[in-house]
Amino acid sequence: MSLVELLPDIQSLPRADKLRLIQFLAQELAEAEGQRTLQADQSAPAGSPDQAFATTETLLQILRTE
């Protein structure tokens with residue numbers, strides 16, 4: 001089945017199913033590229049607020065030079 005054939009069915013899906021489809025496709029692509037993905041029962045490591053200030057400063061410096 002081609003994408004052109006699937007599009008009308010995809011467009012008629014309810015919003016929740018469209019979001020599940022997006023999640024499914026993103027996970028499929030990530031796995032095909034060898035990237036780790038989070039599963040429903042996993043958690044992601046949180047960044048430290050201390051690191052956020054350094055990141056913000058770096059972004060501000062980049063914006064100022066442009």
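In what follows, residues are counted from 1 in the order of the sequence shown. Bear in mind that the values here come from a model prediction, so they are computed numbers and not experimental data.
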Inset, instruction - Hey, could you give me the CD1/CG distance between Ile22 and Leu25, rounded to the nearest 0.5 Å? - result: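 Taking CD1 in Ile22 and CG in Leu25, the distance rounds to 8.0 Å.
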Legend entry - CG-OG1 distance between Leu63 and Thr65, expressed to the nearest 0.5 angstrom: 7.5 Å
Inset, instruction - Sorted by first residue and then second, give each salt bridge (Lys or Arg N to Asp or Glu O under 4.0 Å) pair with at least one member in residues 10-30; sequence neighbours left out. - result: Asp17-Arg20
Inset, instruction - Please check if any side-chain donor atom of Gln27 sits under 3.5 Å from a side-chain acceptor atom of Glu31, or the reverse. - result: yes
Inset, instruction - For Glu5, enumerate each residue passing the salt bridge (Lys or Arg N to Asp or Glu O under 4.0 Å) test, keeping only those at least two apart in sequence or located in another chain. - result: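 If we apply the salt bridge (Lys or Arg N to Asp or Glu O under 4.0 Å) test to Glu5, skipping adjacent residues, there are no hits.
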Legend entry - side chain to side chain contact (heavy atoms under 4.5 Å, CB included) involving Leu6 - partner list, sequence neighbours excluded: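 Scan of Leu6 (side chain to side chain contact (heavy atoms under 4.5 Å, CB included), adjacent residues dropped) gives Met1, Ile10.
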